[in-house]
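The first residue in the sequence is number 1, and the count goes up from there.
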Amino acid sequence: MKAISSRWHLFKMGNMTSCFNTMLFFVIFHFSFVLCDITDGNTEHLKREHSLMKPYQGVGSQWDFWGSTLVTGSYVRLTSDERSKQGSIWNTVPCHLKDWEMHVQFKVHGSGKKNLYGDGIAIWYTKDRLHPGPVFGNQDHFVGLAIFLDTFRNDLHGMDRSFPYISAMVNNGTVGYDHGKDGRSSELGGCSADIRNKEHDTYLAIRYSKERLTVMVDVDDRNEWKECIDIGGVRMPTGYYFGSSAATGDLSDNHDIISMKLYQLMVEHTAEEETLDWTKIEPSVSFLRSPKDNIDDPTGNFRGTPLTGWKIFLLLLCALLGIIVCAVVGAVVFQKRQERNKRFY
């Protein structure tokens, strides 16, 4: 299991040689748990009915596959390195967890060089499953959540970002995916990630909890997560299906899923949230931005997200440091003036 980045993992257990250090550890651990409420890949919270793992015994019962998908003992190949292929694999069990985290181990590789490869992989949490279509092997105007690992640039004018590019999209069925613009007009956030032809394992983590969607990547073999997307105000229902699909066009790649592991997040909800019928929630995002924001922000990160506790804390800390610096500089300047004035009397 991969290590979690410092943002999600504030402190790691080590050898506590003194009573003080032991107490300090438990205080920090408790504080971290309250802030994050994350499983960190704890096998105790692994939901096997929603997980795809070697030797893929659940394929055929808990998982269905379609198209060019090939299931082997080591990987699930959605497409081979051939033109015009589409493949997908879908969980047959609807997910009724309110808070969850999906870890995806994948591999994208092929013989294409100098950007001559495509098209990419998508990870889905949607109302419908096994509906082939033009969006990385799945239907357009879907209902739910999609994470796109896009390896080919279609928009030659969008040179402010590099590919492969990871992005997120939430849809209630009314919005189409614009291939010509690489989905820029409908994406909620994203980041560039060099995911192709790696000798080491590559991972993606998708976390949904308390109306917040976070996507992390580990593609540099540093044994830690790197934040890619962090979006607040995301409303997703329960009862949808997890899946993955991939597609090739005139250019191609091998698109392999090694594992998809779903973990339940142990999060407390209010009495009102507990009585809410989560299956009736319509996928939506509270704060949307105009497409031009993607051009202004090369990273593609969502800039309309409301301030979180951490951001407020950092802003206050910066303001406080600024006041202290100004006070110190002012005191030094005042003292220098006083000394200079004394020399004239």
Participant: Taking the six-membered ring for Trp, is the centroid-to-centroid distance between F163 and F152 below 6.0 Å?
Facilitator: no
Participant: Taking the six-membered ring for Trp, are H103 and Y263 ring centroids under 6.0 Å apart?
Facilitator: yes
Participant: Side-chain heavy atoms under 4.5 angstrom apart, residues restricted to Ile, Leu, Val, Met, Phe, Trp, Tyr: same cluster for V217 and I231?
Facilitator: yes
Participant: Under 3.5 Å, is there a donor on one side chain and an acceptor on the other for S245 and S88?
Facilitator: no
Participant: Taking NZ, NE, NH1 and NH2 as the nitrogens, is one of them in E273 or K210 under 4.0 Å from a carboxylate oxygen of the other?
Facilitator: yes
Participant: For N91 and Q62, which heavy atoms make the closest approach, and how far apart are they?
Facilitator: ND2-O, 2.7 Å
Participant: Are L130 and L145 linked, directly or through other ILVMFWY residues, by side chains that come within less than 4.5 angstrom of each other?
Facilitator: no
Participant: Would you call T79 and Q86 a side-chain contact if the rule is heavy atoms closer than 4.5 Å?
Facilitator: no
Participant: Decide whether T92 and W63 meet the rule of one side-chain donor and one side-chain acceptor closer than 3.5 Å.
Facilitator: no
Participant: Look at the side chain of T275 and the backbone N and O of A271, then say whether any donor-acceptor pair between them is shorter than 3.5 Å.
Facilitator: yes
Participant: Side chain of T248, backbone of G118: donor and acceptor closer than 3.5 Å?
Facilitator: no
Participant: Going by distance alone, is a donor N or O of one side chain under 3.5 Å from an acceptor N or O of the other, for N154 and D182?
Facilitator: yes
Participant: Side chains of S80 and N254: is there a donor and an acceptor less than 3.5 Å apart?
Facilitator: no
Participant: Between the side chain of Y208 and the main-chain N/O of M236, is any donor-acceptor distance below 3.5 Å?
Facilitator: yes
Participant: Can you sort out the partners of H179 under ring-ring contact (aromatic ring centres under 6.0 Å, His included), two or more places apart, ordered by chain and number?
Facilitator: Y177
Participant: Among pairs that include at least one residue of residues 242-261, which meet ring-ring contact (aromatic ring centres under 6.0 Å, His included), considering only residues two or more places apart or in two chains?
Facilitator: W100-F242, Y125-F242
Participant: Under the side-chain contact (heavy atoms from CB on, under 4.5 Å) rule, what do W225 and Y203 come out as? Steps first, then yes or no, please.
Facilitator: CA-CA 9 Å; W225 293 115; Y203 293 83; 3.7 Å; yes
Participant: Side chains of H109 and D256: donor-acceptor distance under 3.5 Å anywhere?
Facilitator: yes
Participant: Could you check whether any side-chain heavy atom of L70 comes within less than 4.5 Å of a side-chain heavy atom of V76, counting everything from C-beta outward?
Facilitator: no
Participant: Quick check against the 3.5 Å criterion: does D81 have a side-chain atom that pairs as donor or acceptor with the backbone of S111?
Facilitator: yes
Participant: Could you point out which residue of M266, Q264, E268, H269 forms a side-chain contact (heavy atoms from CB on, under 4.5 Å) with D99?
Facilitator: H269
Participant: Just grab all the salt bridge (Lys or Arg N to Asp or Glu O under 4.0 Å) pairs involving residues 275-285, residues at least two apart or on different chains.
Facilitator: D277-K280
Participant: Decide yes or no for P132 and W66: does some side-chain heavy atom of the first lie under 4.5 Å from some side-chain heavy atom of the second?
Facilitator: yes
Participant: Please test E274 against K98 for side-chain contact (heavy atoms from CB on, under 4.5 Å), starting from the C-alpha separation and ending with a verdict.
Facilitator: CA-CA 10 Å; E274 292 293 348; K98 299 181 181 70; 3.9 Å; yes
Participant: I'd like to know whether K261 forms a side-chain contact (heavy atoms from CB on, under 4.5 Å) with M53, so could you lay out the CA-CA distance, the side-chain angles of the two residues, the decisive distance to 0.1 Å, and finally the verdict.
Facilitator: CA-CA 7 Å; K261 298 179 181 179; M53 300 176 292; 3.6 Å; yes
Participant: Of the options V285, L188, V175, which is the one that meets M169 in a side-chain contact (heavy atoms from CB on, under 4.5 Å)?
Facilitator: V175
Participant: Identify whether I206 and I166 are in the same connected component of the hydrophobic contact network (ILVMFWY, side-chain heavy atoms under 4.5 Å).
Facilitator: yes
Participant: I'd like to know whether L204 forms a side-chain contact (heavy atoms from CB on, under 4.5 Å) with I147, so could you lay out the CA-CA distance, the side-chain angles of the two residues, the decisive distance to 0.1 Å, and finally the verdict.
Facilitator: CA-CA 10 Å; L204 177 79; I147 306 297; 4.1 Å; yes
Participant: Closer than 3.5 angstrom, by distance alone: can the side chain of Y56 be matched with the main-chain N or O of S74 as a donor-acceptor pair?
Facilitator: yes
Participant: Do the side chains of W278 and P237 get nearer than 4.5 Å, heavy atoms only?
Facilitator: no
Participant: Return yes if some donor-acceptor pair links the side-chain N/O of R207 with the main-chain N/O of L265 below 3.5 Å, else return no.
Facilitator: no
Participant: Linking I/L/V/M/F/W/Y whenever their side-chain heavy atoms sit closer than 4.5 Å, directly or via other members, would I121 and L52 fall into one cluster?
Facilitator: yes
Participant: Looking at T174, is its backbone amide N or carbonyl O close enough to the side chain of N172 to form a donor-acceptor pair, meaning the two atoms are under 3.5 Å apart?
Facilitator: yes
Participant: Taking the side chain as everything from C-beta on, heavy atoms only, tell me whether S162 gets closer than 4.5 Å to Y165.
Facilitator: no
Participant: Check whether S51 reaches the backbone of L262 with its side chain - one donor and one acceptor, N or O, closer than 3.5 Å.
Facilitator: yes
Participant: Are P283 and R235 packed together at the side-chain level, in the sense that at least one heavy-atom pair is separated by less than 4.5 angstrom?
Facilitator: no
Participant: Can you see whether D253 engages T151 through a side-chain donor-acceptor pair at a distance of less than 3.5 angstrom?
Facilitator: no
Participant: Using modelled atom types only, decide if a donor and an acceptor are shared between the side chain of S68 and the backbone of L78 within a distance under 3.5 Å.
Facilitator: yes
Participant: Is any side-chain heavy atom of W124 less than 4.5 Å from a side-chain heavy atom of N138?
Facilitator: yes
Participant: Mark yes or no for whether S286, through its side chain, and G233, through its backbone, hold a donor-acceptor pair below 3.5 Å.
Facilitator: yes
Participant: Counting C-beta onward and ignoring hydrogens, is there a side-chain heavy-atom pair between L149 and V108 closer than 4.5 Å?
Facilitator: no
Participant: Is it the case that the side chains of T126 and D128 hold a donor-acceptor pair, with the cut-off being a distance below 3.5 Å and no angle test?
Facilitator: no
Participant: Does the pair R212/D230 count as a salt bridge with the N-to-O cut at 4.0 Å?
Facilitator: yes
Participant: Find out if a path of hydrophobic residues (ILVMFWY) with successive side-chain heavy-atom gaps under 4.5 Å connects V219 to I258.
Facilitator: yes
Participant: Run the salt bridge (charged side-chain N to carboxylate O under 4.0 Å, His left out) test on K107 and D201 for me, step by step, so that the C-alpha distance in whole Å, both residues' side-chain angles and the decisive distance to 0.1 Å come before the verdict.
Facilitator: CA-CA 7 Å; K107 190 174 183 65; D201 295 335; over 6 Å; no
